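First the proteins, then the strands, lettered A, B, ... as listed; each starts at 1. All figures in this text were calculated on a predicted structure; none of them were measured in a lab.
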Amino acid sequence: MRATLTRVIVLAGLILAAMSFALALPLRIPGVTVFATAPAGSDGAVPYLPALFILGIMLVFLAAVVYELLPDRSPPPWPPAGAGRRR
Amino acid sequence: MARYAMVIDLDRCTGCRACMEACKVENNTPRANFWMYVFRFEEGEYPNTRVWFMPRPCMHCDNAPCVKVCPVGARYKRPDGLVATDFDRCIGCRYCEVACPYGVNYFNWKRPERNQYLDWTDAEAAAVLAPYTNGAVPPYKNPDLERAYGPERRRIAGGGHLKGVIEKCTFCVHRVERGLQPACVANCPLFALHFGDLDDPHSQVSQLLRRRSHFRLLEEASTEPRVYYLGGKPPGSDTRQIETIRARA
Amino acid sequence: MKVTRRTFVKGSAAVGGTLVASRFLPSGFQTLLKTEAAPAAAPQEEWVPTTCWIGKQDCGILARRINGRVVKLEGHPGNPLNVGTLCPKGVAQIMAIYDPHRVRTPLIRTNAKGVSGQWRRASWDEALTLVAGKIKEVRAKDPKLLVWQKGRSKGKAFYDEAFVKASGATKLHHGAFCSDAGYRASEYTIGMSGVLHPDFRHVRYLLAWGWNITNAGGNQLCWITWPQQLSAARERGLKVVAIDPRLRGAGPFTDDWIPIRPGTDLAFALALCHRLIAQNTIDREYLRRYTNAPFLVQADGTFLRIDGKEQVWDEQRGVARPYDAVAVRPALEGTFTVSGAPVRPAFQAFKDHVSPYTPEWAAQVCGIPADAITRVARELGEEARIGSTTVIDGVTLPYRPVAIMAYHMAQQELGFQAVRAMLTVMMLLGAVGAVGGQRIDVGGWAIHENFEKLDRIKITDPPYNIYLKDSPYFPINSNNSSLVARVMLNPDKYGVQDRPEMLIVHMANPMVSFASQPDLIESYKKFPFVVVIDPWLSETADFFADVVLPAATIEKYEGPSKASDQYLDGVALRVPPMQPLFQSRGDIDIYLDLCEKAGLLYGRGGYLDHLNAALKLKAPHRLPLDRKPTVREIFDRWAKSEGIAEGVAYFEKHGVKVKGPIPAAKAYGYAADPPFGGVRHRFYGEALLRYQAEMRARGAAEIYWRDYTPFPTWRAPTMTASPAEYDLYLITYKMIEFKQSRSSFIPLLNELAPRQRLDINPRTARERGIADGEEVWVESHHALTGETRKVRVRAHYTQAIRPDTVGLPHHYGLWSHPGAKGQGPTANALLFTGEGYVANTADQSFHVKVRVFKA
Amino acid sequence: MAMRVEPLPYRVGQISTGTLLLIVVLLGVVAQGLYAFSRQLTEGLVVTGMRDIGTMGGPAWGLYIAFDIYFVGVSFAGITTAALVRLLNLHALRAVSRLAEVLTIIALILAAFSVLPDLGQPLRGVVHLLKYARPQSPFFGTFTMVIAGYLFASLVYFFLDGRRDAAICAARAGRLQWFYRLWAAGYRDTPAERERHRRVGFWLSLAILPMLVIAHSTLGFVFGLQVGRPGWFSALQAPAFVIMAGVSGVGLLIIIAAIVRTTLEAQDRLTPEVFRWLANFLMVLTAAYIYFMLVDWLTATYAAPLHESRVTSALLFGPYARIYWPSVAALVAAFYLLLRQFLTGRYSIAVTVLCGALVNVAAVGKRLLIVVPSQTHGAMLPYPSGTYTPTWVEYSIIGGLIALGTLLYIVFTKVFPVIELPEARQEMGHR
C-alpha cells in the first residue's frame with residue numbers, strides 16, 4: 001500500500017515534470033526544431049508550466065518522505081527485490 | 001507575412017551618427033543607450049590610413065542567441081522577423097545581453113526619471129518645463145511607445161520605460177506597423193540605410209541584395225542576422241575604433 | 001488642447017488611482033501589473049513644417065506635435081536642402097528647445113562686469129525700455145557708436161539689413177572666422193560671391209581641399225546637402241583627392257589622401273599651375289576670351305592701356321590692339337615691344353612667375369612627395385577633357401568635369417591668395433562655369449558688387465572705424481571681430497577715434513567662438529553697455545552683458561531662407577511648431593518692440609521702411625509705415641508679394657516653396673547671357689598691385705601690403721618663424737556632433753563627444769611619451785611678439801593626421817551652461833590674431849605653431 | 001521530565017558570549033547588505049559597478065553571478081559526501097555528513113538569494129520564472145534543477161537523515177522539544193525503521209547524484225552554450241563546473257569541519273582520519289581541475305580565434321592577471337601540499353585546512369574570471385575593452401549573504417547536533 005503510493009507519487013511527479021516540460025516548449029510550428037526560436041513567440045502553451053515542472057520534480061523526492069513516514073501496515077513490497085539485497 | 005531586413009550601404013555612410021540621434025528621440029532611449037551605434041574605424045598607419053564607418057543596429061537575427069536564452073520569453077521573434085522585447089515580461093536578468101555577440105542590448109540601470117537626459121527628479125527643472133510638457137519625461141516623450149503591438153498585443157516599443165529591464169533596437173516596430181520606415185532609416189542624410197521586405201522581390205532591399213555583394217556581421221556565429229552590409233568588409237583584426245563613445249549610464 | 005470637464009475628471013481619477021497605488025504598493029509590485037494605458041482620447045497629432053534653427057542653412061523640418069507638445073523633428077522631404085533627413089544636431093536640437101537652462105525671462109545685471117554675472121529678473125517692458133533708452137542716447141551722439149554684432153542670426157532682412165540700416169549701427173559679423181578670405185578672392189577674381197564647390201551632377205574629379213567631407217559643411221551650404229551630392233557623384237564614378245593635413249574622416253569618400261603641411265596650400269596650387277602649363281593642359285580659348293590673361297602687362301606690372309583700354313597682342317597682325325577689338329587673336333605667350341617698351345601677356349608673366357614653383361620645390365614646402373603633385377596635375381589635365389563639350393538644357397557647353405571644394409581652409413594667413421591660386425588652377429583648365437566644373441555661388445551666375453568695388457581702390461585718411469574699413473592696413477576687409485578687439489585695446493596705433501558706447505550681441509558668443517580669446521576678454525570690457533539677445537546665457541552675456549533678452553529657439557517665425565541645393569531653387573520659412581517657451585520671444589518680435597521704443601520703427605528711414613526694401617515687398621503688400629505689424633503679418637505680406645496667394649498660410653502648411661530647377665543659363669557661367677555676366681576673370685590682379693602701391697604710399701608697413709600681389713606669390717607664413725621647439729602645427733576643425741560653440745551643452749550631443757581632445761599622430765605622441773587619452777599641455781607661440789598661450793587637453797591618437805600637425809576641434813570651452821562644464825578649453829584660447837595671424841584681408845588664420853608636452 | 005538536566009550534545013542550545021557577539025556582528029553585516037539592497041531597489045542597478053556590454057564597456061554580470069556560481073559550487077560538498085557515505089559505505093566520513101548537508105542547503109539558499117539582487121526586477125523574477133520559464137533557456141536548469149530540485153532533494157535527504165538524532169534530542173525536555181518531535185516525526189529507531197531509512201537513503205542518494213551532475217552542468221551550460229562570448233563557448237564548461245564545485249565544496253567542508261572540531265570539541269568524531277579522507281578527495285578534484293585548466297590553456301593559446309585569444313591575453317597578461325595568477329598559484333600550492341601529504345603519508349589538519357582555504361580563494365577568483373573577462377574583453381565587434389570595479393553595494397550584498405549563511409550555520413549548530421550522534425548514545429535516548 002505504502003509502496004504503491006510511493007510509486008504512484010514518483011510516477012505522477014515524473015509525468016507532471018515531463019508533461020509540463022514538453023508543453024513549455026513551443027513545438028507548435030512544423031519544421032521548427034526545439035532550439036529554434038518559434039516565430040509566434042516563445043511562450044509555453046499555458047502559464048505556470050515551470051511551476052508544475054518544479055512541482056513534479058519535488059513530488060518525486062517527496063515520495064521518499066511518504067515512503068519513510070507512512071505507517072507500515074503490510075510488509076513492504078518496496079523496494080523491489082534487487083535493492084533490498086544489499087547487506 | 002513580410003520578412004523585414006535592413007540593408008546598410010557602407011559606401012555611403014559618413015559616420016555622422018544622425019541615425020543614433022533619430023533613434024534616441026524617436027524611441028526616447030535613456031542616456032548612454034545606443035540602440036543604433038555608429039562605429040568610426042581606422043586601419044593602417046599614416047599616411048596609408050583608411051577611415052570608415054559602420055552603423056550597428058540590432059541584427060534581428062533569425063537564430064537569435066538572445067531569444068534562445070531568455071528565461072521568460074520576454075525576448076521573442078515575431079513572424080515578420082523583428083526581435084522584440086516585452087518590457088512587461090522582462091525580469092532583468094541580462095542573459096540576452098551576455099548572449100548577444102553584437103553588444104546591442106541596453107539595460108535600464110536607473111529609474112526612469114534619472115535615466116533620461118537631465119535628472120527629472122530635479123524639482124526645479126521639472127517644474128520649469130511642466131507647463132509646456134505636461135510633466136512628460138523626457139519632454140519629447142513619444143506616446144506611441146506605450147501601446148501594444150503585434151497580434152500578440154505585447155508592449156515592445158521604445159525605451160526607458162521602467163527600471164531594471166532590458167531594451168534594444170526594435171526596428172521601430174511602432175513605425176513599421178504603421179507602414180513607416182524605422183527612424184534611423186528615414187533620417188539617414190546619406191540614404192545609406194534601407195529597410196524593407198525580403199519576400200517582396202521588388203522591394204529596395206531585395207533589389208540591392210541581388211545587385212550588390214554584401215556581408216553580415218559575425219556570420220561565423222550562425223546567428224543569421226537580418227542586417228546586411230553593402231560594400232566594404234567586416235571589421236578585421238587591425239580595425240581600430242576611433243572617436244569612441246564612452247558614455248556610461 | 002480642448003479639455004472638457006468630463007475628460008479632465010476622468011483623467012485626474014486615473015492619475016489619482018495610480019498615485020494611490022504607488023503610495024501603498026512597493027514599486028516592484030506595480031511592475032507585475034501590465035499598465036497599458038488606454039488613452040482616454042486619441043492624442044491630437046499634428047505635423048508642423050518649419051526649418052532647422054541650429055545649423056546655418058535652415059534645412060526643412062517637419063515637427064511632430066502631440067497635444068501641443070513637439071515630440072520630434074524630422075527632415076522635410078520636400079526641401080531640396082535635406083530631402084527628408086536631418087543631421088545629428090538637427091535631430092537633437094529638440095533637447096535644446098526643452099532646455100530648462102535657457103534664459104527664461106529678461107535679465108538685468110546686478111554685479112560688476114568682467115566676472116560671472118548675477119542677475120535680476122525683469123519684465124520685457126522694463127528691459128526693452130532700458131535698452132531702447134540707451135540706443136536713443138547713443139544714437140543721439142553718433143549712431144556709429146552703436147555696434148551690432150551677429151553670429152549665426154537668421155532672417156538677414158530683419159536684422160543685418162533693416163535694423164542695421166534703421167539704427168545706423170556699426171555691424172560686426174562672423175565672416176572673418178568662416179571663409180571670407182575665399183569670398184573676397186572669388187568676388188575679386190571671378191565676380192561671384194562664395195568660395196569653391198563643384199557642379200556635383202557632372203564632376204568626375206574633385207580636389208577636396210581642406211573640405212571636411214564627413215564632419216562639416218562646405219561652400220555656403222550645410223553638411224547635409226554637400227555629402228548627399230558627393231555620395232551621388234561618387235556612385236557615378238567621381239574620383240576624390242583629399243588635400244588636407246588631417247583626413248577628417250573622409251576615408252570612404254577619398255581615393256587619394258595628400259596630407260599637406262598646414263598653411264602651404266598656396267605653394268601646392270602654384271606647383272599645380274606650374275605643371276599644368278608644363279603639360280600644356282591649358283584651356284587657351286577660355287583664357288583668351290573670358291579672362292585678362294592675354295592683357296599686356298608692362299614692366300611695372302600695370303596693364304598697357306591705350307585710350308584707357310587694356311591691350312592684347314594680336315597674333316595675326318603682330319600688333320597691340322584693344323582686347324575687345326573685332327577679330328582680334330590675342331597672344332597668350334611671348335614678349336613683345338610696344339612703343340619701345342617691353343610688354344608680355346599676363347599669361348606669359350604668370351608662366352614666368354610660376355617657373356620656380358616646381359613640384360620638387362612645393363614638395364619641400366608642403367611636406368609631401370613631389371609625385372603627388374605631378375600625379376594630381378596629370379589627372380586634372382586628363383580629367384578636364386579640355387575642348388570637349390556637352391549639351392545641357394539644349395545648350396552646348398564646355399565640359400570640364402574637374403573642380404575644387406574648398407571653404408573654411410580659406411582662413412589662413414595666405415588664404416586670400418591661396419584661393420586665388422586655386423581659382424587660377426581652375427582658370428587654366430577652363431573649368432570655371434563649365435559643366436562639371438568649378439562653381440562658386442550656389443545661387444547662380446550673378447556678378448557681386450565687390451567685383452567692381454574691390455577693383456576701385458578705396459583707402460581713406462584716418463580716422464578709421466573699429467574694424468579698420470578703408471584703411472591702409474586692411475583695405476580689402478572682412479570685418480574681423482578679433483581684430484576689432486586688438487584695435488580697441490590700442491586704437492591710437494591704427495588711427496581709430498571711435499569709442500563704441502553700446503554693443504548689441506545677437507546670437508553670437510565672441511568670448512568663446514572667435515579667435516584669440518584673451519584679446520576678446522580684455523576688449524569687451526571696453527563696451528560700456530552690452531545687450532545680448534540669445535536663448536542661453538552665453539559666456540559673453542555671463543561676463544559682459546548688462547541686459548540679456550531671451551530669444552526663442554525654433555519656436556518662432558523667421559526667414560525667409562533660401563532652400564536651394566544649387567540645382568533646385570526654393571524658399572522656406574521658419575514657422576513656430578509651438579509657443580515660445582518660458583518668456584522667450586521670437587527675435588523679430590524683439591526687434592520690432594525695441595525699434596518702437598527707440599523711435600526707430602515708423603516712418604521713412606525707419607525699421608518698417610527698411611524692411612519693405614529688404615524683403616523687396618511690392619505694393620500693395622508693402623508694410624504701412626505707421627502701424628506695428630505682427631511678425632506673421634509681415635511674412636504674410638512677403639509671401640503674397642512673392643506671388644504666393646495663400647500668403648504665410650502656404651508656408652504654415654507646406655513649409656517650403658520649391659520654385660523649380662535652376663536653368664542652365666543661371667547655373668553655368670558659359671550659358672549666362674552674356675557669358676560669365678559679361679566680365680573678364682581676373683587672371684591677373686592688377687588692382688592688387690595698385691593697392692600695394694597706395695598702402696606703401698601711405699606708410700603702411702610691409703606686413704600689411706606684402707600679400708597684395710597681382711599673382712599669388714608664396715612666402716613662408718609668419719608662424720613658421722616661431723622657435724624650433726614649437727615644432728608642431730596646430731589646426732582646428734569641426735565635428736559633426738556640434739554646431740559652432742553653441743551646442744556642446746545639448747546632452748544628446750555631448751554624450752557623443754563629451755570632451756575636448758587633441759588629435760595627434762601616435763608616432764608624434766610616443767616620441768613625447770604621451771599615451772592615448774593622456775592629459776597634455778599645448779602651448780602656442782606668437783612668432784612676432786613671443787607671447788605664449790597654453791591649454792590642457794587629452795591626447796587622442798589618430799593615424800589620420802600628419803605627424804607634424806595636431807588638431808583641436810572647436811565647439812568646446814563653454815562655462816556658463818551647467819551641461820557644458822568641464823568639457824575642456826576652446827581652441828581659440830591658443831590662437832592669435834592681428835598682424836601675422838590674419839590674412840591681408842583681415843581674415844583670421846586658424847594656424848599656429850605649438851609644442852605639446854605631458855601634463 | 002524536568003530532572004533531566006544533561007545538556008544536549010555538541011553544545012546545542014548553549015550560546016556563549018563569543019557566539020552571541022559573533023551573531024550580533026553577523027546581523028550587522030546582514031543589515032548592511034539589506035540596506036545596500038534597498039538602495040539598489042530604489043535607484044536601480046546603477047549603484048553597482050556593472051554596465052552594458054558594448055558601448056558602455058561594462059560587464060552585465062558581475063559579483064552577484066560570480067558568487068551565485070560559487071555558492072552553487074559549494075553546495076556540491078554536502079550531498080556528494082552524504083551520497084558517497086551512503087553508496088560506498090564510507091563510514092569514516094559519516095561524522096561530516098551532516099556538516100556537509102547543512103552546508104549544501106545553506107549554500108543553495110544563498111545561491112537563490114544572490115540571483116535576486118542581480119535581477120533588475122526581482123519580484124518579477126520570482127513570479128515570471130514560475131509562470132513563463134522556458135526550457136530552451138539554460139537558465140531553466142539552474143532555476144528548476146538547482147534551486148528547486150537540488151535544494152528540495154537535499155532538504156528531503158537532510159530531513160530523513162536527521163530523524164534519528166531528532167528523536168534522541170526530543171527525548172529531553174527543553175524549549176525546542178516540539179521542534180525535535182516534529183522533525184523526528186514519530187521515529188523510534190526500530191530495526192524496521194532503520195532498515196526503511198537505509199533503503200530510502202540509498203535510493204535518494206542514487207537519485208540525487210545525477211541531479212548533482214545535472215545541476216552543476218546546467219550552470220556550466222549557462223556559459224558554455226554561448227557562442228557570442230569568447231572564452232565561454234566550450235564543451236569543457238559543464239564538467240569543469242562540476243569539478244570546480246567539488247573543489248570549493250570539499251575545501252569549505254574541510255574548513256567547517258576543522259572549526260567545528262575545535263569549537264564543539266568534536267575531536268573524537270572528527271578524527272584525523274576524516275580529514276585524511278577529505279584531503280585526498282580534495283587532492284583528486286584539484287588535480288582534475290588543474291588538468292582541465294591546462295587543457296583550456298593549451299587550446300586558448302595554441303590556435304585560438306582572434307576574439308578568444310584577446311580574452312586569454314586579458315586573463316594572462318591584462319587587467320585580470322592580478323586575479324588570475326594568484327588563483328592559479330593558490331590551486332597549484334594547494335595541490336602540492338595535498339600531494340605531499342599523500343606521498344609522505346604525514347597528514348596535518350592545519351595544512352589540509354590551509355589547502356581548503358587556498359582552493360576557495362582560487363574558486364572565488366576563478367568564478368569571477370569566468371564571468372567577467374569574457375564580457376569586458378570578449379567583444380566580437382571592435383568595442384573598447386571594458387572595466388569592472390564592484391561598488392560598495394555589491395560588496396555589502398555579497399558580504400551580507402555570506403554573513404547570513406554563517407549565521408544560519410551557527411544557528412543550526414545551536415539547535416541541532418551538527419554531527420550525527422554516535423551509535424553508543426542512542427541507548428540514552430531510547431526509552
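- For the pair Asn134(B) and Arg69(C), the minimum side-chain heavy-atom distance is 4.5 Å or more.
- Of the listed residues (Ile242(B), Asn28(B), Thr133(B)), the greatest number of heavy-atom pairs within a distance under 4.5 Å of chain C belongs to Thr133(B).
- Here Lys141(B) is the residue among Arg246(B), Glu43(B), Lys141(B), Arg111(B) with the most heavy-atom pairs under 4.5 Å with chain C.
- No more than 12 heavy atoms of other residues, nucleotides or ligands lie within 6.0 Å of CD in Glu45(B), so this atom counts as exposed by the packing criterion.
- Only the side chain of Ile66(C) comes within less than 4.5 Å of a heavy atom in chain B; its backbone stays farther off.
- Using a 4.5 Å cut-off between heavy atoms, Leu247(C) contacts chain B through its side chain alone, with no backbone atom that close.
- Distance check, rounded to the nearest 0.5 Å: CE of Met20(B) to CG of Leu748(C) gives 10.5 Å.
- Both the backbone and the side chain of Phe582(C) come within contact range of chain B, judged by heavy atoms closer than 4.5 Å.
- Between Val51(B) and Pro252(C), the closest heavy-atom pair is O-CD, 3.0 Å.
- In this structure, Asp772(C) does not pair ionically with Arg240(B), as no charged nitrogen and carboxylate oxygen lie closer than 4.0 Å.
- Proximity to chain B involves both the backbone and the side chain of Leu86(C), based on heavy atoms less than 4.5 angstrom apart.
- Neither the backbone nor the side chain of Pro754(C) has a heavy atom closer than 4.5 Å to any heavy atom of chain B.
- Judged purely by atom type and a 3.5 angstrom limit, Tyr117(B) has no side-chain atom pairing as donor or acceptor with the backbone of Ile746(C).
- The closest side-chain heavy-atom distance from Phe191(B) to Thr85(C) is below 4.5 Å.
- Going from atom NZ of Lys24(B) over to atom CG of Leu752(C) covers 8.5 Å, rounded to the nearest 0.5 Å.
- In this structure, the portion of Cys188(B) lying under 4.5 Å from any heavy atom of chain C is its backbone and not its side chain.
- Proximity to chain B is absent for every atom of Ala753(C), based on heavy atoms less than 4.5 angstrom apart.
- The side-chain heavy atoms of Pro747(C) and Arg31(B), taken from C-beta on, include a pair separated by under 4.5 Å.
- Looking at Glu235(C) and Arg12(B), their side chains come closer than 4.5 Å, going by heavy atoms from C-beta outward.
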* Are Glu243(B) and Thr798(C) close enough, and set up right, to give a side-chain contact (heavy atoms from CB on, under 4.5 Å), and what steps lead you there? -> CA-CA 9 Å; Glu243(B) 296 168 359; Thr798(C) 173; over 6 Å; no

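- If you take CD on Glu737(C) and CD1 on Ile245(B), they are separated by 7.0 Å, rounding to the nearest 0.5 Å.
- Of all heavy-atom pairs between Asp11(B) and Phe253(C), the closest is O-CE2, 3.6 Å.
- Between Met95(C) and Leu118(B) the shortest side-chain heavy-atom distance falls below 4.5 Å.
- Between Phe53(B) and Thr214(C) there is a side-chain heavy-atom pair separated by less than 4.5 Å.
- Within a 6.0 Å radius of CZ in Arg212(B), other residues, nucleotides and ligands contribute more than 12 heavy atoms.
- No more than 12 heavy atoms of other residues, nucleotides or ligands lie within 6.0 Å of CZ in Arg763(C), so this atom counts as exposed by the packing criterion.
- Taking both residues in full, the closest heavy atoms of Tyr140(B) and Ile94(C) are given as CB-CD1, 3.7 Å, listed atom of the first, atom of the second, then distance.
- Neither the backbone nor the side chain of Pro369(C) comes within less than 4.5 Å of any heavy atom in chain B.
- Residues Tyr46(B) and Arg802(C) have side chains in contact (heavy-atom distance under 4.5 Å, counting atoms from C-beta outward).
- Both the backbone and the side chain of Gln228(C) come within contact range of chain B, with heavy atoms under 4.5 Å apart.
- Contacts of Arg234(C) with chain B are absent, with no heavy-atom separation under 4.5 Å from either backbone or side chain.
- Heavy-atom distances place both the backbone and the side chain of Pro139(B) under 4.5 Å from chain C.
- For the atom pair CD (Glu751(C)) and CD (Glu21(B)), the distance works out to 7.0 Å, reported to the nearest 0.5 Å.
- Ranked by heavy-atom pairs under 4.5 Å with chain C, the list Gly164(B), Ala127(B), Pro131(B), Ala32(B) is led by Ala32(B).
- Looking at Ala186(B), only its backbone comes within 4.5 Å of chain C, counting heavy atoms on both sides.
- Using a distance-only test at 3.5 Å, with no hydrogens or angles considered, a donor-acceptor pair links the side chain of Glu42(B) to the main chain of Gln799(C).
- Counting heavy-atom pairs closer than 4.5 Å to chain B, the top-ranked of the candidates Pro259(C), Ala250(C), Gly90(C), Ala92(C) is Pro259(C).
- A 6.0 Å sphere centred on CD of Glu46(C) holds more than 12 heavy atoms belonging to other residues, nucleotides or ligands.
- Heavy atoms closer than 4.5 Å to chain C are found nowhere in Phe41(B), neither backbone nor side chain.
- Side-chain atoms of Leu129(B) and Leu581(C), non-hydrogen and from C-beta on, do get closer than 4.5 Å to each other.
- Contact between Trp257(C) and Pro47(B) at its shortest, heavy atoms only, is CE3-O, 3.5 Å.
- Residue Cys19(B) does not touch chain C at all, counting heavy-atom pairs closer than 4.5 Å.
- Using a 4.5 Å cut-off between heavy atoms, Ile801(C) touches chain B through its backbone atoms (N, CA, C, O) alone.
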